[in-house]
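Remember, it's 1-based here, ligands and their atoms both numbered in the order they're listed. FYI, the numbering just counts along the sequence from 1.
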Amino acid sequence: MTTSSHLTRRTVLTVGSTGALGGVLALAACAPGDPDASSSKPTSAAPSVTDEPVTGTTGAPDAPAVGEDIAALADVPVGGSIDATINGEPALIAQPTAGQVVAFSAVCTHQGCIVAASGDEFDCPCHGSKFDAATGDVLNGPALEPLPAIPVAVSGDRIVAAS
Ligand code: FES
């Protein structure tokens, strides 16, 4: 148990529809939909998890190295999911297997309703689309496209935004 162990445990999960890089690219492609959400343009590179000089502290007063604290890992049931807010936007977090955490935009890819966590699925209340909580993929239409992945990391017992 060292202070740097959380870095090695930290797992950036960008499970998208076609794997990690595809998920990142898909995320970047979907980002411009909300002009207020991001104050600066993404650099089109992968999220800056490895760019930041994380110093091994999780409670430092001004340590923006990793994104905002989202939830306790224990808040997300293994095999389940929760509703959340990431960077001020509605989001969904799932933990398909112990310690593996994924997050997605909760904005439905059909017509923009807010999708709700429902165990191992995400359900849209408007027209009934269902998404796989582990991948964001469409299980049931009318939505045709998966929910965009949001990069998150596990840091110790916390889930943090990775962008
Ligand atoms: Fe989600 Fe139509 S807006 S299914």
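- The backbone N or O of Val76 sits less than 3.5 Å from a side-chain atom of Gln95, completing a donor-acceptor pair.
- The single protein non-hydrogen atom nearest to atom 3 (S) of ligand 1 is Gln111 N, 3.2 Å, given as residue, atom name and distance.
- Cys pair Cys108 and Cys124 fails the test of SG atoms under 2.5 Å apart.
- In the hydrophobic clustering of this structure, Leu139 does not group with Phe122; members are Ile, Leu, Val, Met, Phe, Trp, Tyr whose side-chain heavy atoms approach within less than 4.5 Å, directly or through other members.
- Per-residue contacts place Cys108 under 4.0 angstrom from the following atoms of ligand 1 (heavy atoms of the residue considered): 1 (Fe), 3 (S), 4 (S).
- Residue contact annotation: His127 places an N/O/S atom under 2.8 Å from atom 2 (Fe) of ligand 1.
- For atom 2 (Fe) of ligand 1, the N/O/S atoms of Cys113 include none lying under 2.8 Å.
- For the pair Ile82 and Pro77, the minimum side-chain heavy-atom distance is below 4.5 Å.
- Close contacts between ligand 1 and Ser129 involve ligand atoms 4 (S) [criterion: under 4.0 Å to a heavy atom].
- With 3.5 Å as the limit, one finds a donor-acceptor pair spanning the side chains of Ser118 and Asp123.
- The N, O or S atom of His110 with the smallest distance to atom 2 (Fe) of ligand 1 is ND1.
- At least one N/O/S atom of Cys124, from backbone or side chain, sits under 2.8 Å from atom 1 (Fe) of ligand 1.
- Hydrophobic clustering, with ILVMFWY side chains joined whenever heavy atoms are under 4.5 angstrom apart, groups Leu73 together with Ile86.
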